[in-house]
Amino acid sequence: MAKVSRPPPAVALLVLVAVRLIVAAAEAAAGPRGLTRYTRVFAFGNSLTDTGNGAIFPATAGGPFTRPPYGETYFGQPSGRASDGRLIIDFLVDELRLPQPTPYLAGRMAADFLNGTNFAVGGATALDQAFLASKGIMSFVPISLSNQTSWFQNVLRLLNSSSVYEQRKVMASSVFYVGEIGLNDYFFVLNSNSVDVAVSLVPHVIGAIRSALTAMIAAGARTVVVTGMLPIGCEPQQLALFPGGPGDYDPATGCIARFNEVAERHNRALRVMLGELRLAHPGRSLRYADIYRAVTRAVASPALYGFGGMPLAACCGGGGGPYNFNFTTFCGTPGSAACADPSKSISWDGIHFTEAANRFLTRAMLKGLL
C-alpha cells in the first residue's frame, strides 16, 4: 500500500476543526440523550462515490475501472473505484474515523451493514430510467436515486431494530452522505449538445434528490451532507467531444461556459431546496457541500493548489492535445497510455477525479461546512 502523504499542519487543523464542528452540531441536534459520536456512514451517488457496487452490478461489472491502472496510487490494484486511488467518501470516513461502509451489493446479512452502507453505483442517474426514456434519453445503467433509496429501506429492514427508538438512535448517530448525483442525467442530454433540454431536467433532478432526502429524514436521519454539481464544462470528456469557438469558453478556466451554466442552475436549485427542507424539519443538519468552486479555482490556478500545467487534460487514457481524451483509448482499455504522475492531475480518466483531486475536494468541502 502506498505511503500516505500528510497535509500541511494548517490544513490538517482546518479539517479537524470542520469535522469537530459537524459532530458538535449533530450532538446538539440529538439532545442531551443523543449521540456522543458518529458510528457509520450511509452513502448515495454515482461513480464519484461508488466503492464497489459497479464492479458487482452486471451492467457495469468488468468495465475499465475494474482493470489496471485503476487503483494504482493507493490500493496497488483495481478496487472498484473510478480513480487511481481514494474517493471523497474514503477521505470523509477517514476524517470522521469511521469504518468503510460496505458496498450494498457486497453485503448479505445485517452484520455486513452495521458499520454503514454505500449504495452508490457507477453510471447511476438521479432520475428513473422510465422518466428518462419518456424524454427520449437512454440510460445504460438502470439504477436511479430512488433505487438506492429502496436499497436503504432494505438495509433498515435487515437491521431490524428492536424499537422505533432504537432505529432512530441508529439513524441519528449516522452521517448520510449524498455524493454528486445528476451528472449522468445531464451527460446523456449534453452528449446530444442540447443545453436547453438539460436545463429542463434540473427541477426533476432536484425533485428526485428531495424525495430521497425526505425518505432519509423520515427514517430518522439527522445529519445529511449533499454534494452539489461539479462544473460539467470542465470535464475533459466534454471539452474533447464538443470543440467550439473562443466565445464558447470561460476565459478564466477554459471550460465550456454553457455546460457550466447547467451545473450552476442545478446548484442554485439544490441550495433553495435544502433551505426549504431545513425549515420543514428543524433540528436536522442538512448541509450543502460545494465542489463546483473548488474545481474551477484549481483549473484556473492549478499551481496554487499543487497541480500541473494541464488541468483540463485526462491523466490516463489517450487522445493527445489539451484534453488527452478519446473513447477509443479510454483509461484501462488496450492502447491507453499510463499516467506519469496522477498527483499533478485533476482528472484521472477524463470523467473522474484523481486521488489527489479527491483529497483536495474533501478539504475544500469540509472547509465550506464550517
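Predicted model, so just to flag it, every value in this text is computed and none were measured.
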### Query
Residues two or more places apart in sequence or in another chain: which of them pass ring-ring contact (aromatic ring centres under 6.0 Å, His included) with Tyr249?
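With neighbours one apart ignored, the set is empty.
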
Without swapping roles, check the side chain of [X] against the backbone of [Y] for a donor-acceptor pair under 3.5 Å.
X: Arg278; Y: Leu286; result: yes
X: Thr73; Y: Gly85; result: no
X: Asn191; Y: Phe188; result: no
X: Asp128; Y: Phe131; result: no
X: Asn324; Y: Gly317; result: no
X: Arg40; Y: Pro101; result: no

Nearest heavy-atom pair of [X] and [Y]: which atoms, and what distance?
X: Thr329; Y: Gly319; result: OG1-N, 3.9 Å
X: His352; Y: Ala82; result: CB-O, 3.0 Å
X: Pro322; Y: Ala313; result: O-CB, 3.3 Å
X: Ala289; Y: Met365; result: CB-CG, 3.2 Å
X: Thr253; Y: Asp250; result: OG1-OD2, 2.8 Å
X: Leu190; Y: Ala198; result: CD2-CB, 3.9 Å

Rounded to the nearest 0.5 Å, how far does [atom2] of [Y] lie from [atom1] of [X]?
X: Arg284; Y: Leu274; atom1: CZ; atom2: CG; answer: 14.5 Å
X: Arg67; Y: Ser336; atom1: CZ; atom2: OG; answer: 9.0 Å
X: Ile143; Y: Asn53; atom1: CD1; atom2: CG; answer: 9.0 Å
X: Leu183; Y: Thr227; atom1: CG; atom2: OG1; answer: 12.5 Å
X: Phe360; Y: Thr354; atom1: CZ; atom2: OG1; answer: 10.5 Å
X: Ile351; Y: Gln238; atom1: CD1; atom2: CD; answer: 8.0 Å

### Task
Could you check whether the rings of Phe330 and Phe327 sit parallel, tilted or perpendicular, using 30° and 60° as the cut-offs?
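Aromatic pair Phe330/Phe327 classed parallel.
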
Do the non-hydrogen side-chain atoms of [X] and [Y] ever get within less than 4.5 Å of each other?
X: Trp348; Y: Pro342; result: yes
X: Phe42; Y: Met171; result: yes
X: Leu361; Y: Phe91; result: no
X: Tyr70; Y: Asp349; result: yes
X: Leu239; Y: Phe259; result: no
X: Cys255; Y: Pro231; result: no
X: Asn260; Y: Tyr292; result: yes
X: Arg86; Y: Asn358; result: no

### Task
Determine, stepwise, if the pair Lys135 / Leu132 fulfils side chain to side chain contact (heavy atoms under 4.5 Å, CB included).
CA-CA 5 Å; Lys135 301 291 184 181; Leu132 291 172; 5.9 Å; no

We want to know whether [X] and [Y] form a side-chain donor-acceptor pair, criterion being a heavy-atom distance below 3.5 angstrom.
X: Asn154; Y: Tyr104; value: yes
X: Arg81; Y: Ser83; value: no
X: Ser173; Y: Thr39; value: yes
X: Asn147; Y: Ser144; value: yes

### Query
Any chance the SGs on Cys339 and Cys331 are under 2.5 Å from each other?
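Not so, these two cysteines form no disulfide.
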
I'd like to know if [Y] and [X] are part of one continuous hydrophobic network [Ile/Leu/Val/Met/Phe/Trp/Tyr, side-chain heavy atoms within less than 4.5 Å].
X: Phe57; Y: Met138; result: no
X: Leu159; Y: Met109; result: no
X: Met310; Y: Tyr323; result: no

### Message
Go through it in stages, so that I can follow the logic: the residues are Tyr186 and His266, the test is ring-ring contact (aromatic ring centres under 6.0 Å, His included), and I'd like the CA-CA distance, side-chain angles, deciding distance and then a yes or no.
### Response
CA-CA 10 Å; Tyr186 300 135; His266 172 101; 5.7 Å; yes

### Message
Salt bridge or not between Glu95 and Arg363? Use side-chain N to carboxylate O under 4.0 Å.
### Response
no

### Task
Output yes when Asp290 and Arg293 qualify as a salt bridge under the 4.0 Å nitrogen-oxygen rule, no when they do not.
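A salt bridge links Asp290 with Arg293.
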
### Query
Please walk me through it: do Phe353 and Ile346 pass side chain to side chain contact (heavy atoms under 4.5 Å, CB included)?
CA-CA 6 Å; Phe353 297 118; Ile346 296 173; 4.0 Å; yes

#### Entry: Stepwise side chain to side chain contact (heavy atoms under 4.5 Å, CB included) test for Leu270 and Tyr288
CA-CA 8 Å; Leu270 180 59; Tyr288 171 75; 3.7 Å; yes

### Worked verdict on Leu312 versus Ser347 for side chain to side chain contact (heavy atoms under 4.5 Å, CB included)
CA-CA 7 Å; Leu312 295 175; Ser347 178; over 6 Å; no

Name each donor-acceptor pair under 3.5 Å that joins a side chain in residues 202-218 to protein atoms two or more places apart or in another chain, with its distance.
from	atom 1	to	atom 2	distance (Å)
Arg210	NH1	Glu276	OE1	2.6
Ser211	OG	Gly207	O	3.1
Thr214	OG1	Arg210	O	2.8

Donor-acceptor list for residues 115-126 side chains, cut-off 3.5 Å, not counting sequence neighbours:
from	atom 1	to	atom 2	distance (Å)
Asn118	OD1	Ala120	N	2.9
Asn118	ND2	Thr49	O	2.9
Asn118	ND2	Thr51	OG1	3.1
Thr125	OG1	Leu127	O	2.7

### Message
Using a 6.0 Å cut-off, check whether atom CZ of Arg265 has over 12 heavy atoms from anything other than its own residue.
### Response
no

### Query
Looking at Ile88, Leu96, Val224, Val226, which hits side chain to side chain contact (heavy atoms under 4.5 Å, CB included) with Tyr177?
Ile88

